Amino acid sequence: MHDLKTLDKTYIANTYARFPVEIVAGHGSTLTDAEGKVYIDMGSGIAVNSFGIGDPVWKQAVTAQLDRVQHTSNLYYTEPCVQLAQMLCERTGMKKVFFGNSGAEANECGIKVARKWAAAHKGPEYSTILTLWNSFHGRTLTTLAATGQDHYHELFQPLTPGFAHVQPNDLNDAKAQMASHKCAAILIECIQGEGGVKVMDADFVKGVAQAAKENDILLIVDEVQTGNGRTGQLYSYMNYGIEPDIVTTAKGLGGGLPLGCALLGEKVADVLTPGDHGSTFGGNPVCCAGAVSILSRIDDALLAEVREKSAYIFSALTGAPGVESVSGMGLMIGIKPANKSAADVVKTCMENGVLCLTAKDRVRLLPALNIPTELLHKAVAVIKAACAE
Ligand SMILES: *Cc1c(COP(=O)(O)O)cnc(C)c1O
């Protein structure tokens, strides 16, 4: 481990503050480090391993495709990406899918589609994309511009122009900004993930959707973290009863392999034409075959299980000693410790065999959707004790 740490520091760009743990293996919702210590995984690779480590159904789908062909480019037809696109459209009512490899790329596609739509439909000056303060939409220069947190912007000027930010949960501000900019779209997370697991009010989300419609502005929902069953519905917008024009997703979609996509609704289904956009790896058949196996199991029974587990976490931790508040939806949970920093709680949990994440001042939980109840109960007990001590 010492050696690996030194080599990592020597050869890998210094962008991550890693925990001092080397993961060598895992199974379901447990991870094993180089010393043989076993942890309960409450982060699932930041909401990526939807069904945990080495899920047999996903592994079978991935390896079967790997035995056929691992990559073809988008110059040829392959079945898994078509199958996945059809499933995504049938389950959301969206009309078409563009596949990329990450959340940032999914948002880039959404932004490009919105700009092209608005230019043709309203005029090229209608290019502004509104997003929320405290949002997170990715690390590329354009998705950084979309991200409403100034500290991410400072070192990388100039960013892509044409973004303005709205106060979250302030419908009057949203309406005012829609009126004062020539807008193509408004892009929102229904639950701000990196921003601290902040759930947007139903009145705000519904109001934004309504105002966008009235102002002929597209509604884009970033479901990169909240998507694919995470919040107890297939996509978090479904908790709010709204109909976005574009939905972007990634993280949990591929079940552990890199895959992202933009789902395009009726208004924008035919905006993109050959040459407008593309991705060498996008829609990779191995990633898509895995995603088909993931999506087909995010059914009503699993979603009900996610909601039940969520209710258990809320009831166990809300009002517990040392817990100031619990936020989130489904298995996307933020815990604000009363007397300690989130980082301190995460450190104590790690020492006691539970791996958690942070988001701003909160301990963030994003366990596998199928985490066994027994492991969930054990992990919650450790987190509860870490907050209380
Ligand atoms: C993680 C995340 C992204 C960026 O995804 P990458 O795959 O890291 O590019 C974008 N939006 C939200 C809401 C995210 O949580």
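Everything quoted here is computed from the prediction, not taken from an experiment. In listed order, ligands and their atoms are each counted from 1. All values below come from the heavy atoms of this structure, side chains included, with hydrogens, waters and symmetry mates left out.
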*Do NZ/NE/NH1/NH2 and the carboxylate oxygens of Glu389 and Lys340 come within less than 4.0 Å?*
yes
*Could you list which atoms of ligand 1 come closer than 4.0 Å to a heavy atom of Ala104?*
4 (C), 5 (O), 6 (P), 9 (O)
*Is there a protein heavy atom at a distance of less than 4.0 Å from atom 7 (O) of ligand 1?*
yes
*Should Gln225 be counted as touching ligand 1, given the test is an N or O pair under 3.5 Å?*
yes
*Any Lys/Arg nitrogen of Arg364 or Glu194 sitting under 4.0 Å from an Asp/Glu carboxylate oxygen of the other?*
yes
*State plainly whether the residues Lys309 and Glu305 are in salt-bridge range, i.e. N to O under 4.0 Å.*
yes
*Got the closest protein heavy atom to atom 5 (O) of ligand 1, with its distance?*
Gly103 CA, 3.3 Å
*To which of Glu194, Glu223, Lys251, Gln192 does the heavy atom nearest atom 2 (C) of ligand 1 belong?*
Lys251
*Does the ring of Phe314 carry Arg307 above it, NZ/CZ under 6.0 angstrom from centre and within 45° of its axis?*
no
_I'd like to check which ligand 1 atoms, numbered from 1 as shown, lie under 4.0 Å from a non-hydrogen atom of His137._
10 (C), 11 (N)
*Nearest non-hydrogen protein atom, atom 11 (N) of ligand 1*: Asp222 OD2, 2.8 Å
*Is it the side chain (CB and beyond), the backbone, both or neither of Glu105 that lies under 4.0 Å from ligand 1, heavy atoms counted?*
neither
*Single hit among Thr147, Thr248, Thr143, Asp222 for side chain to side chain donor-acceptor pair (under 3.5 Å) with His137*: Asp222
*List every atom of ligand 1 that sits less than 4.0 Å from any heavy atom of Ser102, numbering the atoms from 1 in the order shown and giving each element.*
7 (O), 9 (O)
*Would Lys122 and Asp216 pass as an ion pair if we require N to O under 4.0 Å?*
no
*Of the protein's non-hydrogen atoms, which lies at the shortest distance from atom 12 (C) of ligand 1, and what is that distance?*
Phe136 O, 3.4 Å
